[in-house]
S.K.: 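The structure under discussion is supplied below as structure tokens; questions concerning it will follow.
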Amino acid sequence: MPSGSLLRPIATLCVALLALHESPLRAQLPAPSSAAPDSLAILRSARKAQRDFELFHRTYLPDELDGGDHPCDERIGRYCYWYQPASGPAPPEVRAVRVARGRLLGALSAA
């Protein structure tokens, strides 16, 4: 048999095998599930909830521009941070901040 006459049946066989090979692969792919959670959307939602809480909480932080009754150990922007190991407990948190923190924890728990 001459080599030219072998190429055509081999080429036809290869094309047929490729066509047959394609069909089962498509049948084996999982169907997209509309009920599957979108992890990226969940992550974005959780980060937005945290960002919203932090912005809200920041509005309720005490202001001390200059001249408080104590020196600052560290000043970051308009906020004065200090460390006093002998000081009493922290002042109670504003009710609106407690409610907002509860919403944040609920959103993070749902995520």
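Quick caveat, the model's predicted, so the values are computed rather than measured. Any value given below was found using the heavy atoms of this structure, including those in side chains, with hydrogens, waters and symmetry copies removed.
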S.K.: Considering all heavy atoms of both residues, which atom of Phe56 and which atom of Ala96 are nearest to each other, and what is their separation?
M.R.: CE2-O, 3.5 Å
S.K.: Counting heavy atoms not belonging to Arg95, are there more than 12 under 6.0 Å from its CZ?
M.R.: no
S.K.: Once side-chain contact (heavy atoms from CB on, under 4.5 Å) is applied, do any residues pair with Leu108, and if so which ones, sequence neighbours excluded?
M.R.: Ala46, Leu104
S.K.: Sorted by first residue and then second, give each side-chain hydrogen bond (donor to acceptor under 3.5 Å, both in side chains) pair with at least one member in residues 99-111; sequence neighbours left out.
M.R.: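 Every pair satisfying side-chain hydrogen bond (donor to acceptor under 3.5 Å, both in side chains) with a residue in residues 99-111: Glu93-Arg101.
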S.K.: Could you grab the distance from atom CZ of Arg44 to atom CZ of Arg51, nearest 0.5 Å is fine?
M.R.: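 Result: 11.0 Å between the selected atoms.
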S.K.: How many angstroms lie between atom CD of Gln50 and atom CG of Leu105, to the nearest 0.5 angstrom?
M.R.: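 Here the interatomic distance stands at 10.5 Å.
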S.K.: Does one hydrophobic cluster hold both Val94 and Phe53, with members joined at side-chain heavy-atom distances below 4.5 Å?
M.R.: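 Yes, Val94 connects to Phe53 through the hydrophobic network.
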